Amino acid sequence: MRALLHSLATLLLAYGLTLTAGFILYIALIRSPLLGAVGILFYRGIAIAAVTALLLLLAGLMLRPRMQLDPATLVGGVALSLSFNLCFLITFPVTFDRSITTFLLARIEQHDGELDTAMLEQLFIRQYLGDMHQIDRRIAEQQLSGTIRVEQGRIHITPQGRRLLESGRTIGGWFGADPRFVTATPAPRH
């Protein structure tokens, strides 16, 4: 029993240290100019998470003989770190970067108690869509992602874009998400 508890404590310590070191390294690499040319936060974050995992694996391989790390523990710790970093990326920075809710909350904070719904809508249209050029940004991102193509100024969905929407409809359905974000209602005919 004592050996089992010691093994469990060693495993938890190895995973905890790997997770902590991996997160600190991930944040340091995100803050660095590494892959700065990648203009989409999500893609840059994934690439840096992969670099972080590779660096952790290399460090673990170098330290393995001295620390008597089991290969499965090393791989498990790196996989845990990679998973955590990706979850963090998607849950926080990418959500904040793309969130209309976050944008609206920041404006409500700025004008606390001064706005009504109509004024907030006007701020959104003027700042988010106008000053911040979010439609242009999304078009550029989706072209890079391969979900749309622009020909002679007209925007077309690609097969990849259709697959993304179908996946969104399916997965959204599992969670009861609002389907209006992935299924446009037909425009009224005049």
Side-chain angles (χ1 to χ4, degrees), residues 1-110 112 128 132 134 137-138 140-147 160 163-164 167-168 170-178 181-182:
M1 182 65 159
R2 177 168 265 200
L4 178 63
L5 287 176
H6 177 72
S7 293
L8 184 59
T10 302
L11 183 66
L12 289 174
L13 180 63
Y15 280 4
L17 289 174
T18 305
L19 185 66
T20 302
F23 186 65
I24 291 169
L25 178 59
Y26 183 61
I27 296 299
L29 292 175
I30 284 286
R31 302 282 301 153
S32 79
L34 180 68
L35 299 174
V38 178
I40 299 175
L41 175 63
F42 178 68
Y43 294 149
R44 182 171 181 257
I46 288 174
I48 290 179
V51 169
T52 301
L54 181 63
L55 292 173
L56 283 176
L57 185 61
L58 292 173
L61 288 172
M62 290 188 312
L63 296 172
R64 194 174 145 241
R66 196 167 8 150
M67 297 181 71
Q68 300 174 352
L69 273 177
D70 176 46
T73 301
L74 174 60
V75 170
V78 170
L80 179 65
S81 174
L82 175 62
S83 299
F84 179 83
N85 289 341
L86 290 174
C87 288
F88 185 87
L89 169 73
I90 293 164
T91 304
F92 296 106
V94 168
T95 297
F96 295 152
D97 183 57
R98 308 191 71 72
S99 176
I100 292 172
T101 300
T102 303
F103 172 87
L104 295 176
L105 284 172
R107 295 327 175 267
I108 292 168
E109 177 187 49
Q110 181 183 29
D112 196 17
Y128 193 84
M132 295 172 67
Q134 291 301 296
R137 177 181 178 199
R138 297 306 190 265
E141 288 176 353
Q142 293 312 303
Q143 281 183 283
L144 285 172
S145 297
T147 57
Q160 180 178 331
R163 287 190 302 273
L164 177 68
S167 297
T170 300
I171 295 167
W174 298 342
F175 289 90
D178 188 337
F181 289 105
V182 291

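From a predicted model like this one, the values you see are computed outputs, not experimental measurements.
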Task: S99: which of D97, T95, T102 passes side-chain hydrogen bond (donor to acceptor under 3.5 Å, both in side chains) - done: T102
Open item on the list: With a 6.0 Å cut-off (strictly less than), is the heavy-atom count around CD of Q68, excluding the residue itself, greater than 12?
Closed with: no
TODO: Report yes if the side chains of I27 and F23 come closer than 4.5 Å at any heavy-atom pair, otherwise no.
DONE: yes
TODO: Return yes if a side-chain donor-acceptor contact under 3.5 Å exists between S145 and Y43, otherwise no.
DONE: yes
Open item on the list: Would you compute the distance between atom CD1 of I108 and atom CG of L104 and round it to the nearest 0.5 angstrom?
Closed with: 6.0 Å
TODO: Would you give the length of the straight line joining atom OH of Y26 to atom CG of L55, rounded to the nearest 0.5 angstrom?
DONE: 13.5 Å
- [ ] Side-chain contact test, heavy atoms from C-beta onward, threshold under 4.5 Å: evaluate it for L69 versus L63 and give yes or no.
- [x] no
TODO: May I ask you to check whether R138 and Q134 show a side-chain donor-acceptor distance below 3.5 Å?
DONE: yes
Task: Closest heavy-atom pair and its distance - S81, L56 - done: OG-CD1, 3.3 Å
Task: Point-to-point distance, once rounded to the nearest 0.5 Å, from OG1 of T73 to CG of L12 - done: 10.5 Å
Open item on the list: Quick check against the 3.5 Å criterion: does S32 have a side-chain atom that pairs as donor or acceptor with the backbone of L29?
Closed with: yes
Task: Charged N-O contact under 4.0 Å between R107 and D112 - done: no
Open item on the list: Please tell me whether Q160 and T147 have a donor and an acceptor in their side chains that are separated by less than 3.5 angstrom.
Closed with: no
Open item on the list: Given 3.5 Å as the limit, does a donor-acceptor pair link the side chain of Y15 with the main chain of T10, or not?
Closed with: no
Task: Where C87 and T91 come nearest, the two heavy atoms and their spacing - done: O-OG1, 2.7 Å
Open item on the list: How close do G60 and L74 get, counting heavy atoms only, and between which atoms?
Closed with: CA-CD1, 3.5 Å
Open item on the list: With a 6.0 Å cut-off (strictly less than), is the heavy-atom count around CE of M67, excluding the residue itself, greater than 12?
Closed with: no
Open item on the list: With rounding to the nearest 0.5 angstrom, report the CG to NE2 distance, L13 to H6.
Closed with: 10.0 Å
Open item on the list: If you define the side chain from C-beta out and look only at heavy atoms, does anything of F42 sit under 4.5 Å from R98?
Closed with: no
Open item on the list: I want to check something: taking the side chain as every heavy atom from C-beta on, are I30 and R44 in contact at a cut-off of under 4.5 Å?
Closed with: yes
TODO: Check whether any side-chain heavy atom of L35 lies under 4.5 Å from a side-chain heavy atom of I48, and answer yes or no.
DONE: yes
Task: Heavy-atom side-chain contact between L86 and I46 under 4.5 Å - done: yes
Task: Nearest heavy-atom neighbours spanning L80 and L19 - done: O-CD1, 3.9 Å
Open item on the list: Could you check whether any side-chain heavy atom of P93 comes within less than 4.5 Å of a side-chain heavy atom of F88, counting everything from C-beta outward?
Closed with: yes
